[in-house]
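When a ligand or atom number is given, it counts from 1 through the structure's own listing order.
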Amino acid sequence: MCGIVGFAAGENVTDDIFAGLLSLEYRGYDSAGIAVIRDGRIECEKVTGRVSKLKEAAKGLFGKVGIGHTRWATHGAATKANAHPHLSYDGRFALVHNGIIENSTELKNELAGLGIEFKSETDSEVIVQLIAKNYLGDPVKALDAAVRRLTGSFAVALICTDFPTSVFAAKKGSPLIAGVGKASAMLASDILALSPHADKICRLEDGELLEMRKNGFGFYKEGKPIEKEFEEIKMKNIKTDKGQFEHFMLKEIFDQPEVAKSIIEKRIKNDEVVFPELDPEIFSDIKHISIIACGSAYNAGIAGKYILKELMRLPVTVSLASEYRYATPLPLEGTLTVFISQSGETADTIAAAERVRFLRGRSVSIVNVKDSTLTRLSDYTLYTEAGPEVAVATTKGYTAQVMTLCLLGIWAKRNERSVLFEATEAIKSIPEIMLRLLGTKDKAEELAKRIRKETSVYFIGRNIDYAVALEASLKLKEISYIHSEAYAAGELKHGSIALIEEGTKVFALSLIPELTDKTISSIREVKTRGACVFAVCREEDGATAEVSDEVIPLPVVHPIVGAVCEVIPFQLLAYFTAKYRGADIDKPRNLAKSVTVE
Ligand code: AGP
């Protein structure tokens, strides 16, 4: 996905647009650009690569209205020609876009047939050419006519030389927020770009358009003016700095004990788990829990599944949102659907939520970013309170998701005193255990040195350990670019063990006492084929240590603590491996923090 920004003010907006793009860069960073209007003409500068490169390129730009963009490429390589903003053939308009236009080829052929020359391979350029073709003097009408022909998702911002004090915008399927500041008006893909300037904000809904000037907004829907409410901004001046850490990811790994503490403070009152957001009877007629998510949020769902099944004695399924959204719909009565998403803007998860809503299913969203799109598509929203997460690879967002799922299971059984006490005590021990697991930093760095040149690294585990192995593997892949797979330890022998050869590095996760012997068997199976096994096991588990080449002993004794905390040594392992390999830890190649396109 991409990040878009727009400003209208009484003074030069170039610096504000640049700063806004910097805070949106986690959304995509293949290229960036800014366009402003000066003396009735559009001035535009674009670069490939990071937003920081734009600072120098755009230093000569001066305008009181402008738009900016940071790109995660979907149509066309990361080149300057494909970078946004895109200009119309007549030089009258400049546009930035976040989303995917699914009928762009058909529209492009139609426009090219009229002699319009395209300068890029992007779907986005089609929009600005369509607007220019439709334009009869009213940019709102031309924008409205153009977006009505689009299928797919878009948040677009547009400037027009005939209206040098306005920015225009339209939204469908991709997020767009308007903001009002002391002396300026602004819009952006998310609140991070608005928080330094805006006092009030207003989220656009699908089908809405706006005209923004420095002293106000006009909103439109279906060609008619509408009123929209602005609300006080909740996340003012969000501090997203790295402090003394070299990377946001390392800071966020070390933030986890504090995040866990804040979750406990919010969720445990007088030794009772509380979820005031929920209808107390929400589980009364539930026979099945269906968790839906993507990526690490999916892995968090898998970890939470084991805990929820244990606590609630209910079938719990976990689905990839990208699969769920196109699967044959099944009746949802008796099902509680739980969506998990750090950003609350992931297109696949949103589409799945719209499907559940259409099928009148009851749903809860577990989300980190306040007021994100997903929160408006579910019946209930549980915020994970992890604070802004800037590194593209999630760490504190993931552990906060697992912790919230565990708390939800305890709350569901709050009338069964036996369950409550032991599980709640386990939750309360998490911050201290996390602090101790951060102490594996040096060991993780040492093992990172040993795997940094590997071409493949495997993670095996059973039950909750398998869930954590999935996240451990994804972390290593997405920031170090080393190929990695996670396997259910018992499944390895059904084919994948053919991959094991002399020196293959295998991490064996084994924190569950009842399964220790079985995991030891799995370790023996790979060792007899030449593998070098690094085991993560309980401090008192001498048996596993004995059969492994290296051991990271963990002070983890309860399944809930394991589900939430066991990943921490692997977050550190991935971090240091990526560091040794000189990879871009906070902004890994090809990735984006929230994938708001299919
Ligand atoms: C996390 O490290 C990944 N960057 C990615 O898998 C992410 O978890 C996934 O895209 C889902 O994002 P969400 O939680 O914002 O929905």
Side-chain angles (χ1 to χ4, degrees), residues 1 3 24-29 72 174-175 189-192 247-250 252-253 256 291-304 318-325 338-354 365-375 377-378 381-384 386-405 467-468 470-481 484 486 567-568 570-575 577-578 583-598:
M1 45 163 256
L24 294 181
E25 196 173 22
Y26 70 90
R27 300 174 65 87
Y29 30 88
W72 182 66
S174 296
S189 302
D190 86 16
I191 210 147
L192 275 177
H247 296 98
F248 277 107
M249 183 178 177
L250 192 59
E252 289 154 7
I253 290 172
Q256 291 177 112
I291 298 173
I292 300 175
C294 302
S296 287
Y298 170 83
N299 295 339
I302 299 278
V318 187
S319 308
L320 289 170
S322 54
E323 288 293 301
Y324 184 93
R325 66 185 289 187
V338 179
F339 300 103
I340 307 174
S341 175
Q342 190 285 130
S343 65
E345 300 295 349
T346 299
D348 287 323
T349 311
I350 285 170
E354 285 167 342
S365 283
I366 295 178
V367 178
N368 192 40
V369 176
K370 288 198 171 24
D371 300 330
S372 49
T373 302
L374 192 57
T375 64
L377 292 170
S378 46
T381 295
L382 306 177
Y383 287 122
T384 51
E389 188 176 60
V390 177
V392 168
T394 184
T395 49
K396 64 177 184 174
Y398 166 86
T399 49
Q401 288 164 355
V402 181
M403 196 166 171
T404 303
L405 278 170
V468 177
L470 288 168
E471 179 59 11
S473 174
L474 178 58
K475 281 284 118 3
L476 185 66
K477 273 185 275 194
E478 67 178 329
I479 64 170
S480 76
Y481 315 148
S484 172
V567 71
I568 288 177
F570 298 107
Q571 294 170 341
L572 291 165
L573 176 75
Y575 173 81
T577 306
D584 194 325
I585 290 168
D586 286 334
K587 296 185 181 67
R589 69 185 182 196
N590 307 342
L591 297 190
K593 181 63 180 172
S594 163
V595 185
T596 60
V597 293
E598 278 207 64

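Looking at atom 11 (C) of ligand 1, its nearest protein heavy atom turns out to be Cys294 O, 3.4 Å. In terms of protein heavy atoms, atom 4 (N) of ligand 1 is closest to Val392 O, 3.1 Å. Nearest protein heavy-atom neighbour of atom 10 (O) of ligand 1: Val595 CG2, 4.3 Å. Regarding atom 16 (O) of ligand 1, its nearest protein heavy-atom neighbour is Thr346 OG1, 2.5 Å. Remark: minimum distance from atom 5 (C) of ligand 1 to any protein heavy atom is reached at Ser296 N, 4.1 Å. Looking only at protein heavy atoms, the nearest one to atom 15 (O) of ligand 1 is Ser343 OG, 2.7 Å.
Not a single heavy atom of Leu591 sits closer than 4.0 Å to an atom of ligand 1.
The side chain to side chain contact (heavy atoms under 4.5 Å, CB included) test applied to Ala297 returns Ala293, Ile340, Gln401, not counting sequence neighbours. Remark: Ser484 engages Ser473 in a side-chain hydrogen bond (donor to acceptor under 3.5 Å, both in side chains) (not counting sequence neighbours).
Within the listing of ligand 1, atoms 2 (O) sit less than 4.0 angstrom from a heavy atom of Ala393. Each of the atoms 13 (P), 14 (O), 15 (O), 16 (O) of ligand 1 lies under 4.0 Å from some heavy atom of Ser341. Those atoms of ligand 1 with a heavy atom of Glu478 less than 4.0 angstrom away are 1 (C), 2 (O), 3 (C), 4 (N). Taking every heavy atom of Ala297 and a limit of under 4.0 angstrom, the matching atoms of ligand 1 come to 8 (O), 14 (O).
The distance from the CD atom of Gln342 to the CG atom of Asn368 is 4.5 Å, given to the nearest 0.5 Å.
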| task | Tell me, with the steps shown, if Phe570 and Leu476 meet side chain to side chain contact (heavy atoms under 4.5 Å, CB included). | result | CA-CA 8 Å; Phe570 298 107; Leu476 185 66; over 6 Å; no

| task | Report the C-alpha distance between Leu377 and Glu354 in whole Å, list the side-chain angles of each, state the deciding distance to 0.1 Å, and finish with yes or no for side chain to side chain contact (heavy atoms under 4.5 Å, CB included). | result | CA-CA 7 Å; Leu377 292 170; Glu354 285 167 342; 4.0 Å; yes

| query | Is there a side chain to side chain donor-acceptor pair (under 3.5 Å) between Ser296 and Lys475 once you walk through the steps? | reply | CA-CA 9 Å; Ser296 287; Lys475 281 284 118 3; 3.1 Å; yes

| task | Before giving the answer on side chain to side chain contact (heavy atoms under 4.5 Å, CB included), spell out for Thr399 and Gln571 the whole-Å C-alpha distance, their side-chain angles and the decisive distance to 0.1 Å. | result | CA-CA 11 Å; Thr399 49; Gln571 294 170 341; 4.1 Å; yes

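With a 4.0 Å cut-off on non-hydrogen atoms, Lys475 touches ligand 1 through its side chain and not its backbone.
The N/O atoms of Glu471, backbone and side chain alike, include none that comes under 3.5 Å of an N/O atom in ligand 1. The shortest N or O to N or O distance between Gln342 and ligand 1 is under 3.5 Å.
Each of Leu405, Val318, Thr404 was evaluated against Val338; a single residue qualifies, Leu405, per the side-chain contact (heavy atoms from CB on, under 4.5 Å) test. Between Val367 and the options Leu382, Leu374, Thr373, Thr349, a side-chain contact (heavy atoms from CB on, under 4.5 Å) holds for only Leu374.
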